[in-house]
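These notes are about the structure you will find just below.
As a basis for the values below, the full set of heavy atoms in this structure was taken, side chains included, without hydrogen atoms, waters or symmetry mates.
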Amino acid sequence: MNGVTRREFPEVPVVGVGAVVLDGNRVLLVQRGQEPMKGEWSIPGGALELGETLEAAVRREVLEETGLEVETEATVEVLDKIVLESGRIRYHYVLIDFLCRVQGGALKAGSDADNVRWVGHEELNSHSIYRLAPATVAVIEKAFRMARANKGGAG
């Protein structure tokens, strides 16, 4: 595959990044436009490219998916996402999620997203129309706690 790692049924894990972009009591969500997870809501993110730093990957993915320019503030979580199919590993991502803040741009669904929107913290409950994966909700909740702690320490 000329140095390109297959994402589906890979030979090695794929490194991915995610952005928990917060604005007050809101988080930025995207509706995936491509597999994996096409049609599902999640945080912006994608695969690290060869020679790219993690922070550069986060900025690129958020810009491509949402039209927003962000700055990373802190690492929120590092986790595995492994999806099995008929006893084989269909997807294996090592995900690094970052707390981010908006620096510029204009919100619009981009190349990898069908939809993008700011969602209130209170809308993330289990009855939400967004049906976020439990691991995604946990990462978002952790990011909100981190942001509150940082704000409390600054004042």
Side-chain angles (χ1 to χ4, degrees), residues 4-5 7-8 10 12-83 91-126 128 130-155:
V4 177
T5 302
R7 292 186 188 194
E8 194 169 14
V12 296
V14 175
V15 177
V17 294
V20 184
V21 185
L22 300 182
D23 176 41
N25 201 37
R26 303 182 308 167
V27 62
L28 185 63
L29 296 181
V30 297
Q31 187 176 32
R32 297 272 174 224
Q34 300 177 12
E35 293 295 344
M37 300 172 47
K38 181 173 173 47
E40 295 183 36
W41 288 90
S42 189
I43 59 175
L48 184 70
E49 294 179 355
L50 185 64
E52 186 175 44
T53 67
L54 294 169
E55 290 82 4
V58 170
R59 289 190 302 269
R60 175 183 52 77
E61 287 290 345
V62 174
L63 184 61
E64 287 175 1
E65 292 182 4
T66 72
L68 297 176
E69 299 167 3
V70 297
E71 178 178 301
T72 59
E73 293 188 352
T75 303
V76 178
E77 192 66 78
V78 178
L79 55 126
D80 295 295
K81 181 173 180 82
I82 301 171
V83 177
Y91 299 107
H92 182 175
Y93 288 97
V94 176
L95 303 171
I96 302 108
D97 293 323
F98 292 87
L99 174 59
C100 299
R101 65 184 155 132
V102 175
Q103 297 295 302
L107 186 63
K108 64 181 181 328
S111 60
D112 292 349
D114 284 341
N115 200 346
V116 59
R117 64 176 60 146
W118 289 104
V119 176
H121 189 183
E122 67 282 354
E123 295 179 68
L124 299 177
N125 67 42
S126 61
S128 170
Y130 302 103
R131 296 185 311 260
L132 299 171
T136 302
V137 173
V139 166
I140 293 170
E141 293 292 350
K142 184 175 180 182
F144 273 117
R145 288 192 303 274
M146 290 171 67
R148 281 194 302 271
N150 289 344
K151 190 173 269 191

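From Gln31, atom CD reaches atom NZ of Lys38 across 8.5 Å, with rounding to the nearest 0.5 Å. Remark: Glu73 CD to Phe98 CZ distance equals 12.5 Å, nearest 0.5 Å. Atoms CH2 and CG, from Trp118 and Leu29 in turn, are 9.5 Å apart once rounded to the nearest 0.5 Å. Atom-to-atom distance recorded for Leu99:CG and Arg145:CZ is 12.0 Å, nearest 0.5 angstrom. In this structure, OG1 in Thr75 is found 9.5 Å from CG in Asp97, a value given to the nearest 0.5 Å. Within the model, atoms CG of Leu22 and CZ of Phe144 stand 5.0 Å from one another, a figure rounded to the nearest 0.5 Å.
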Run the side-chain contact (heavy atoms from CB on, under 4.5 Å) test on Val14 and Val94 for me, step by step, so that the C-alpha distance in whole Å, both residues' side-chain angles and the decisive distance to 0.1 Å come before the verdict. CA-CA 6 Å; Val14 175; Val94 176; over 6 Å; no

I would like to know whether Asn25 and Glu122 meet side-chain contact (heavy atoms from CB on, under 4.5 Å); could you show each step before the answer? CA-CA 8 Å; Asn25 201 37; Glu122 67 282 354; 3.4 Å; yes

Take Val30 and Asp112 through the side-chain contact (heavy atoms from CB on, under 4.5 Å) test and state the conclusion after the steps. CA-CA 9 Å; Val30 297; Asp112 292 349; over 6 Å; no

Stepwise side-chain contact (heavy atoms from CB on, under 4.5 Å) check, Glu141 with His121: CA-CA 9 Å; Glu141 293 292 350; His121 189 183; 2.7 Å; yes

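Taking the side-chain contact (heavy atoms from CB on, under 4.5 Å) definition, one finds that Ala133 meets it with Thr136, sequence neighbours left out.
Taking all atoms of both residues into account, the shortest heavy-atom contact from Val12 to Pro10 is O-CB, 3.2 Å. Nearest heavy atoms, Val116 versus Lys108: CG1-C, 3.5 Å. Nearest heavy atom pair, residue Arg7 against residue Tyr91, reads O-CD2, 3.3 Å.
Considering only heavy atoms from C-beta on, Leu28 comes within 4.5 Å of Leu107 through its side chain. Residues Leu79 and Val139 meet the side-chain proximity criterion, which asks for heavy atoms closer than 4.5 Å.
Among Ile96, Thr72, Val17, the one residue that satisfies the side-chain contact (heavy atoms from CB on, under 4.5 Å) test with Glu55 is Thr72. Partner Cys100 forms a side-chain contact (heavy atoms from CB on, under 4.5 Å) with one of Leu68, Val21, Val76 and no other, that one being Val21.
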Please output the side-chain donor-acceptor pairs of residues 40-51 that fall under 3.5 Å, not counting sequence neighbours, one pair per line with the distance.
none

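Taking a cutoff of 4.0 Å between a charged side-chain nitrogen and a carboxylate oxygen, Glu65 and Arg32 qualify as a salt bridge.
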